[in-house]
Amino acid sequence: MSTKRILIVEDETAIREMVGFAMRRAGYEFSEAANGQEAQLEVAERLPSVILMDWMLPDVSGIELVRRFKRDELTKSIPIIMLTARADEDDKVHGLDSGADDYLTKPFSPKELVARTRAVLRRIEGDTEEELIQVGELQLNSSSHRVSARSQEINMGPTEFRLLKFFMTHQDRVYSREQLLDHVWGRNTYVEDRTVDVHVLRLRKLLKPHDFHKFIQTIRGSGYRFSAK
Ligand code: CA
């Protein structure tokens, strides 16, 4: 596992040094930014694993920076912890509203900050574990793009794969052909409703030798439902 790098955005040198020291002791690398402009340059140069963001910065508010990072496709999944001297409940809501993942009020203990940093990192690592989706003995791994039934691999095309993934993560609900087109093919592609039937049929054929084709049920006049029941 590579070393995680924490970006500390804080205009007060003493706090920046204290936080940097705590992060290094915890085994993290860190970089520093004293204002919004430096923060954006740092992020552009190398994406950090976590950003610790002071609320009050000399050039731009920390909240505004959080919004910018969370809007950008490239940076939106980086966890951000807001650091602030404001303790009001309203501000807390505001901070989380902007997209910050956690919130810590000054003065805070470096130990607490390290614990919160570990927690947000664990949360994103937890997300990647969910790449393995399982329904009964049917398994789908979205990072390796593999599907297996009772440990036997099933080869399928990308559309069947996406369709199965959607079904497995949205069980026991009926989806119309239009809804499946939206979710699996995307709103902007032009394909006919019948395309859905073709791919559902293919997917059923692939699952049939393993007896999992029954999971995909046709609901007359409505669409399809995936159910292990
Ligand atoms: Ca400040």
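Indexing begins at 1, ligand by ligand and atom by atom, following the structure's order.
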| query | Does Glu12 bring an N, O or S atom to under 3.0 Å of the Ca ion (ligand 1)? | reply | no
| field | Closest contact, heavy atoms only, Arg116 versus Tyr103 | value | NH1-O, 2.8 Å
| query | What's the shortest heavy-atom distance between Glu38 and Glu32, and which atoms? | reply | OE1-O, 4.3 Å
| For the Ca ion (ligand 1), the closest N/O/S atom belonging to Asp54 | OD2
| Hey, which of Val50, Ile8, Val19, Leu52 is the one that makes side chain to side chain contact (heavy atoms under 4.5 Å, CB included) with Phe30? | Ile8
| said: For the CG atom of Leu164 and the CD1 atom of Ile154, what is their distance to the nearest 0.5 Å? | reply: 8.0 Å
| said: Within rounding of 10°, what is the angle whose vertex is the Ca ion (ligand 1) and whose arms end at OD1 of Asp11 and O of Met56? | reply: 90°
